[in-house]
Amino acid sequence: DLAAVDPFAPFIERNAAASVQRYAQTHPKARLAAILRPCELRAFIELGKVEEARRGGQLHANGTDRVTLIGVDCMGTYLWEEYARLVRRAGRDKVTADVLANAASGGLHQQPFRLACQVCHWPAPRGADLVIGTLGLPSEANLLLIAKDEAADRRYRLAALAPDLATEYQVSRRETVTGAIAEMHAGVRRKLIAEMRDACRFDDLGCLLAWLSNCSLCGACLEACPLVEAPVPAKRRRRGA
């Protein structure tokens with residue numbers, strides 16, 4: 001099954017953080033590895049903090065010390081309809097290759113990613129045991145493998161997998177491009193906030209309540225959020241159908 005895995009495909013069905021944590025809890029003796037995007041990694045670490053607090057601070061910050069977290073750089077993901085359209089037109093491999101090429105150039109080519117991806121605070125993984133870097137790099141030639149420390153480098157035997165050390169240019173190029181993409185996303189956030197302020201005066205209680213009244217109580221946001229553990233009421237599910 002691993003031969004068919006494409007960790008760089010610009011599509012995400014759901015945030016995998018909760019799924020990874022549940023799998024680790026239901027397989028208490030297994031050693032696991034999870035490939036996560038930056039947003040999934042952030043959610044998994046937060047879930048680990050919740051579980052750590054629940055167990056009196058005895059748990060590893062990642063939720064379990066049995067899970068090896070592999071983070072991948074992420075330019076963004078498409079909505080399912082857009083991703084399916086692109087795959088039908090060009091094929092899955094070509095869609096992934098186009099996103100990786102755009103990552104190498106620093107996001108110069110505008111791609112219709114999900115709005116959540118366009119406002120992502122940081123497109124590179126933080127808190128992973130191992131990072132696969134693609135931002136600012138020609139992925140058809142090389143990737144960066146970044147261990148969180150020297151002990152992890154030895155544990156995963158990265159010297160055997162990638163004997164050549166990264167050049168200073170490769171490392172600095174990735175850092176520069178990551179910062180540039182983050183700033184581009186910050187600009188989108190500022191624009192959206194300005195538009196919301198123009199559309200609704202949030203310092204006006206009546207206007208705020210009118211804006212919140214658009215919520216249909218379908219519960220979709222609760223189902224999508226990996227940090228929400230409470231079940232969605234059946235009544236809300238029906239109203240969202």
Side-chain angles (χ1 to χ4, degrees), residues 1-20 34-44 70-125 131-141 143 174 177-178 180-196 199 214-216 218-226 228 232 236-241:
D1 291 341
L2 288 176
V5 172
D6 182 2
F8 306 112
F11 171 69
I12 181 172
E13 184 177 4
R14 64 177 62 87
N15 192 305
S19 299
V20 174
I35 300 177
L36 301 174
R37 296 178 184 275
C39 57
E40 296 175 314
L41 187 59
R42 289 191 290 268
F44 185 74
I70 304 173
V72 293
D73 288 349
C74 180
M75 277 293 298
T77 60
Y78 297 108
L79 291 172
W80 165 247
E81 295 81 2
E82 178 65 15
Y83 180 66
R85 184 185 68 80
L86 292 172
V87 168
R88 286 194 300 269
R89 187 178 68 183
R92 190 187 72 173
D93 292 345
K94 181 63 166 60
V95 174
T96 298
D98 286 346
V99 172
L100 288 175
N102 199 22
S105 69
L108 296 179
H109 174 59
Q110 188 69 25
Q111 292 176 296
F113 292 134
R114 295 184 309 141
L115 183 57
C117 297
Q118 295 180 43
V119 298
C120 174
H121 279 79
W122 199 251
V131 171
I132 303 176
T134 62
L135 296 176
L137 302 170
S139 56
E140 71 280 1
L143 299 169
R174 176 175 177 269
V177 168
T178 299
I181 294 173
E183 180 57 33
M184 180 173 62
H185 290 177
V188 176
R189 288 198 303 274
R190 289 192 292 267
K191 179 181 177 182
L192 288 175
I193 291 173
E195 290 176 351
M196 291 176 65
N214 293 320
C215 175
S216 66
C218 69
C221 58
L222 300 180
E223 292 179 321
C225 181
V228 175
V232 179
R236 292 189 174 185
R237 290 179 187 272
R238 289 194 298 270
R239 290 192 63 174

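Because only heavy atoms are used, hydrogens play no part in the values below, and waters and symmetry mates are left out as well, while side chains stay in.
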In chain order, what residues pass the side-chain hydrogen bond (donor to acceptor under 3.5 Å, both in side chains) check against E82, with sequence neighbours excluded?
R85
Over all atoms of both residues, closest heavy-atom pair of L41 and P125:
CD2-CB, 3.7 Å
Keeping S105 on the side-chain end and N102 on the backbone end, is there a donor-acceptor pair under 3.5 Å?
yes
Output every pair passing salt bridge (charged side-chain N to carboxylate O under 4.0 Å, His left out) with a member in residues 3-19, not counting sequence neighbours, ordered by first then second residue.
none
If you take all heavy atoms of Y78 and P112, which pair is closest and at what distance?
CD2-O, 3.4 Å
With sequence neighbours excluded, residues passing side-chain hydrogen bond (donor to acceptor under 3.5 Å, both in side chains) with R174:
D73
Point-to-point distance, once rounded to the nearest 0.5 Å, from CG of L100 to CE of M75
10.0 Å
Nearest heavy atoms of P123 and I181, plus distance in Å
CG-CG2, 3.8 Å
Evaluate V20 against E40 for side chain to side chain contact (heavy atoms under 4.5 Å, CB included), listing each step before the verdict.
CA-CA 10 Å; V20 174; E40 296 175 314; over 6 Å; no
For E195, give me all partners under salt bridge (Lys or Arg N to Asp or Glu O under 4.0 Å), at least two apart in sequence or on another chain.
none
Closest heavy-atom pair, C74 versus T77, reported as atoms and distance to 0.1 Å, is SG-CG2, 4.4 Å
Would you give the length of the straight line joining atom CD of E183 to atom CZ of R190, rounded to the nearest 0.5 angstrom?
5.0 Å
For K94, which residues count as a salt bridge (Lys or Arg N to Asp or Glu O under 4.0 Å) partner, sequence neighbours excluded?
D98
Taking every heavy atom of V177 against every heavy atom of G106, the minimum-distance pair comes out as CG1-CA, 3.4 Å
Count the heavy atoms belonging to other residues, nucleotides or ligands that lie under 6.0 Å from CG of D1, then report whether that count exceeds 12.
no
Distance col, row L36:CG vs R42:CZ, nearest 0.5 angstrom, shows 11.5 Å
F11 vs Y83 aromatic rings, parallel, tilted or perpendicular, using cut-offs 30° and 60°?
parallel
Could you give the distance from CD1 (I132) to CG (L137), rounded to the nearest 0.5 Å?
12.5 Å
Please give me the minimum heavy-atom distance between C120 and R189, naming the atom from each residue.
O-NH1, 3.6 Å
With F8, which residues qualify under ring pair (Phe, Tyr, Trp, His ring centres under 6.0 Å), at least two apart?
none
